[in-house]
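Comments concern the structure below.
Predicted model, so just to flag it, every value in this text is computed and none were measured.
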Amino acid sequence: MVSAISGSSQATQYSSSSSSSNAAQEAALEKQIQDLEDQAKAIKDQVQATQVQQDIAVAQAKLDALKAADKAAKADQGQSTPSAAALRQAEFDGEKTTPSNEFWM
């Protein structure tokens, strides 16, 4: 009978050390999973940041192109026709504003 009690005690001791070991392994695996999830999120954030930076570069290039086109259009307009303010001033001064006004009667 003593051996039966002794065997039962050993089984309980093995069971508790086994569950303790399992708990440690579970905690280690949970930490590993969390670390990997954090790493995956960081990688995803980096990819998204790279995509956003590319979108910013594309938008900046479009903006620069529009500004250049606008500047070129203003330069062409400034060379080909006088500004509206200059035309009003010329009319006020009684000057000819366009070559076509010579035909006015």
Side-chain angles (χ1 to χ4, degrees):
M1 247 192 161
V2 174
S3 66
I5 295 173
S6 173
S8 171
S9 172
Q10 286 176 347
T12 305
Q13 185 179 9
Y14 175 77
S15 173
S16 69
S17 70
S18 175
S19 66
S20 171
S21 176
N22 285 347
Q25 285 180 346
E26 287 175 8
L29 287 172
E30 286 174 356
K31 183 177 180 340
Q32 183 181 8
I33 290 169
Q34 184 61 46
D35 290 345
L36 290 171
E37 286 175 347
D38 291 345
Q39 188 177 11
K41 184 180 183 302
I43 291 169
K44 182 179 176 185
D45 290 346
Q46 289 173 357
V47 169
Q48 288 175 341
T50 301
Q51 289 172 343
V52 169
Q53 288 173 342
Q54 289 173 346
D55 292 345
I56 289 169
V58 168
Q60 186 65 49
K62 287 180 182 178
L63 177 62
D64 292 345
L66 285 174
K67 284 182 178 180
D70 189 39
K71 188 175 182 180
K74 285 182 181 178
D76 288 345
Q77 186 182 36
Q79 291 175 358
S80 63
T81 60
S83 69
L87 288 174
R88 287 193 300 273
Q89 185 63 43
E91 288 174 2
F92 180 78
D93 292 341
E95 297 175 5
K96 294 179 184 178
T97 57
T98 62
S100 64
N101 69 357
E102 294 175 3
F103 300 106
W104 283 87
M105 299 216 172

Given side-chain hydrogen bond (donor to acceptor under 3.5 Å, both in side chains), test N22 with E26 step by step and report yes or no. CA-CA 6 Å; N22 285 347; E26 287 175 8; 5.8 Å; no
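Shown here are the salt bridge (charged side-chain N to carboxylate O under 4.0 Å, His left out) partners of K67, two or more places apart in sequence or in another chain: there are none. Residues that satisfy the side chain to side chain donor-acceptor pair (under 3.5 Å) test with Q25, not counting sequence neighbours, are absent from this structure.
Under the salt bridge (charged side-chain N to carboxylate O under 4.0 Å, His left out) criterion, no residue pair touches residues 48-66, with sequence neighbours excluded.
For the atom pair I33 CD1 and D38 CG, the distance stands at 12.0 Å (nearest 0.5 Å). Annotation: the span from I43 atom CD1 to L36 atom CG amounts to 9.5 Å, rounded to 0.5 Å. Taken to the nearest 0.5 Å, the CD atom of E37 stands 12.0 Å off from the NZ atom of K44.
Between the side chains of D35 and Q39, no donor-acceptor pair of N or O atoms lies under 3.5 Å.
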